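Worksheet: the structure to be examined is printed underneath.
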Amino acid sequence: MLRSHTCGELRAENLGAHVALCGWVDRVRDHKGVIFIDLRDRWGRTQVVVGPENSAELLALAKTVRPEWVILVRGTVGARPDGTTNPKLATGAIEVSCQHLEVLNEAETPVFQPGATDLPGEEVRLENRWLDLRRPAMQENLFLRHRIVKIMRDYFDDLEFIDVETPMLGRSTPEGARDYLVPSRLDHGAFFALPQSPQLYKQLLMMAGFDRYVQVAKCFRDEDLRADRQPEFTQLDVEMSFVESADVMGVIEGLVQRTAREILGLEVPVPLPRLTWDECMERFGHDAPDLRYGLEIVDLTPEASGSEFRVFKAAAESGGRVRGIRVPGGATRFSRKELDELTALAVEAGAKGLVWLKVEAGGEFSGPVAKNLVGEVGAALRAKLAAEPGDLVLIVADSFDVSCKALHTLRKRLGATLGLYDPNSMHFSWVVDFPMFAHDAESGGWASMHHPFTAPRAADLQALESDPARCRAQAYDLVINGSEAGGGTIRIHDSATQEKVFKLLGISAEMARERFGFLLDALRSGAPPHGGIALGIDRWVMLLGKLDSIRDVIAFPKTQKASDLMTGAPSPVEAKQLVELGIRTVVPPPKA
RNA sequence: GGGGGUGUAGCUCAGUUGGUUAGAGCGCCAGCCUGUCACGUUGGAGGCCGCGGGUUCGAGUCCCGUCACCCUCGCCA
């Protein structure tokens, strides 16, 4: 070991100790006769002093040192003179009086200094990720990630879960997200797919009798990216045998509790709040609502259908809904321009428009369409909304889906701009009883809401074929602050039900046999009831770290176009490689 | 694929109505400086104004196209 201590551990107790420190030069303050070097490593920063008591050679050498050089310093821990201690630094009471300085490696002037105050743009950070990762903030993020994953592993180990690795090279399934494909060299024209999740493998591990499985699993989905979505991401994948929904949720609640306690010092009461999917859509318009604030959606369809107001009437008569949000005290908080912006938001979400109404001191509505909502209809609406003078009311009249989308968008915007919640607060909850199926716009048939292996509620088993839309799944999503932080289901454990579901999804018996024959066989070979969940580790770390981007908790993330600015991946490959794989590329001709 | 934002010195940014030689802070280089910690101070170097085309006497600025990055809708079982 080249060093005796790290740059973060020396304190007044170490006074007089002879120490050796290694690290990066964070900053140099050259006062000619005395030179201060801030030495930085993973653990912190320590001030090194070269002064008049040192030889001219050492002083001269210290003068040449530049930021980001890697140096070794030997010296004595000394107290800083009165008035020169630095309370901002953990090591600020002491300094190391240098007796020996060795340059382990010089550094070219860095594109940016990790110790600088202003953050470079993300493009520069990603191109020079090794420099970006030297920044204490980024190191903190990765330490946090490590701690969270460690808690997860310990927690499940305590509960006798077994960590099993599953293949990266698997079989492509056209359902779900787009696959990342890997060509087979030994079987030209055939491809592996990288896992979207280890779903089937973990189910097979249950059928193999492992009972409790856990894995920190890398997953791949070739879909467009967002601030909280990367093409490759990490899930804490969990599966259990002989369980019902409540058992899986209970286990995860224990993990939430332990993580919140150890990471945030927060006591989370369990069981966590549970909302059904239907309730979520009615009250919040979304299946992962942020429950840190109110602004709940109120259904005004019955009240509005009695009105002569064309917009409301049309929506109600065509089977749509009239729904609104009351913004307490909102009447005076929004300018006309801001109300226009809210309208634009609603329109962007698919709504034909937004009705906004202010409740005047006299109790009447005012606003562009208020004249349509006078008298009894207006009174009924206000009563349903519990609207009081000074309130703002936003109403969307449209199909249920559109009203959900528009009102959810508005609710989110209002919650943030009105500061209705403490951004540092954390709220955990469950959303349960998801529909089994949703209409698939592409095929016109049914598509799995979760995945094709999800078990319906026992009560809905009969409705599976007669009324699929009504079927609810034994599914549960963990929601943190309006973010889907995990989701799971109880799985189908008998082949008959599984075949029924495949059929409903338009997967013929032959297709099912070809793609999932092994699963159907395994289901017939003594499959225990089982279920599980997958937690999005990247999102957990982002949320617990109160960060805005998933990229800040991933060491080497990709851009929105799924490229790696540091390595240049993806890149063209040599023709020889393609020949070996039996692949010919079709590059679109350059535009004229 | 759609909508929005950004792109000017190594970094962060300013740049007026189209007008002479494109600026600032930080960083870099050099000088001065024995207690600083975002050290101070003096001087200096450093520009494909993302790229291509156009309009114009004249373009960082206006127009068209294009690329990259970010946010977002679709998409993400």
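In this text the structure is predicted, and so the values were computed from the model without any measurement. Just so it is clear: chains get the letters A, B, ... in the order the sequence lines come, proteins before strands, and each one is counted from 1.
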Query - Residues forming a side chain to side chain contact (heavy atoms under 4.5 Å, CB included) with A/Ala397, sequence neighbours excluded - result: A/Val311, A/Phe312, A/Ala315, A/Val322
Query raised in the report: For the side chain of A/Arg226 and the base of B/C70, is some donor closer than 3.5 Å to an acceptor across the two?
Result: no
**Report entry** Under 3.5 Å donor-acceptor pair, A/Asp224 side-chain atoms to B/C75 base atoms
**Finding:** no
Requested in this report: For nucleotides B/A59 and B/C49, find the distance between their C1' atoms and express it as a whole number of Å.
Outcome: 11 Å
Query - side chain to side chain donor-acceptor pair (under 3.5 Å) partners of A/Gln474, counting only residues at least two apart - result: none
Report task. Assess whether one donor atom and one acceptor atom, taken from the side chain of A/Glu95 and the base of B/G35, lie less than 3.5 Å apart. Result -> yes
**Report entry** Stacked pair A/His31-B/C39, distance under 5.5 Å, angle under 30°
**Finding:** yes
Query raised in the report: If you look only at pairs with a residue in residues 109-124 of chain A, which of them pass as a side chain to side chain donor-acceptor pair (under 3.5 Å), with sequence neighbours excluded?
Result: A/Glu122-A/Arg551
Query raised in the report: Taking only residues two or more places apart in sequence or in another chain, which ones pass side chain to side chain contact (heavy atoms under 4.5 Å, CB included) with A/His286?
Result: A/Ala288, A/His408
Requested in this report: Using salt bridge (Lys or Arg N to Asp or Glu O under 4.0 Å) as the criterion, list what pairs up with A/Asp440, not counting sequence neighbours.
Outcome: none
Query raised in the report: Who passes side chain to side chain contact (heavy atoms under 4.5 Å, CB included) against A/Thr64, sequence neighbours left out?
Result: A/Leu61, A/Trp69
Report task. Can you figure out which of B/U12, B/U36, B/C69 approaches the side chain of A/Val124 most closely? Result -> B/U12
Query raised in the report: When the nearest nucleotide of RNA chain B is assigned to A/Thr85 and to A/Arg221 on a heavy-atom basis, which residue is associated with the more 5' position?
Result: A/Thr85
Report task. Report yes if a side-chain nitrogen or oxygen of A/Arg29 is closer than 4.0 Å to either non-bridging phosphate oxygen (OP1 or OP2) of B/U36; otherwise report no. Result -> no
Could you give the side-chain donor-acceptor pairs of residues 478-486 of chain A under 3.5 Å, partners two or more places apart or in another chain?
unit_1   : atom_1 : unit_2   : atom_2 : d
A/Asn481 : OD1    : A/His427 : N      : 2.7
A/Asn481 : ND2    : A/Ser425 : O      : 3.3

Query raised in the report: Among residues 45-56 of chain A, which contact RNA chain B at a heavy-atom distance under 4.0 Å?
Result: A/Gln47, A/Pro52
Between protein and nucleic acid, restricted to nucleotides 2-6 of chain B and to nitrogen or oxygen atoms under 3.5 Å apart, what atom pairs and distances do you find?
none

Query raised in the report: Would A/Glu108 and A/Arg66 pass as an ion pair if we require N to O under 4.0 Å?
Result: no
Report summary line: A/Asp290 meets the salt bridge (Lys or Arg N to Asp or Glu O under 4.0 Å) criterion, sequence neighbours left out, with A/Arg292
Query - Residues which pass side chain to side chain contact (heavy atoms under 4.5 Å, CB included) with A/Ser399, listed by chain and number, not counting sequence neighbours - result: A/Asp401, A/Val402
Requested in this report: Ignoring hydrogens and angles, answer whether the base of B/C70 and the side-chain atoms of A/Arg551 contain a donor-acceptor pair closer than 3.5 Å.
Outcome: no
Query - Presence of A/Lys88 side-chain N/O under 4.0 Å of B/C37 phosphate oxygens OP1/OP2 - result: no
Query - A/Phe36 ring over B/U36 six-membered base ring, under 5.5 Å and 30° - result: yes
Query raised in the report: Could you write nucleotides 23-32 of chain B as a row of B, S and -, 5' to 3', where a protein heavy atom under 4.0 Å of any base atom gives B, of only sugar-phosphate atoms gives S, and otherwise -?
Result: ----SSSS-S
Requested in this report: For nucleotides B/G10 and B/U20, find the distance between their P atoms and express it as a whole number of Å.
Outcome: 23 Å
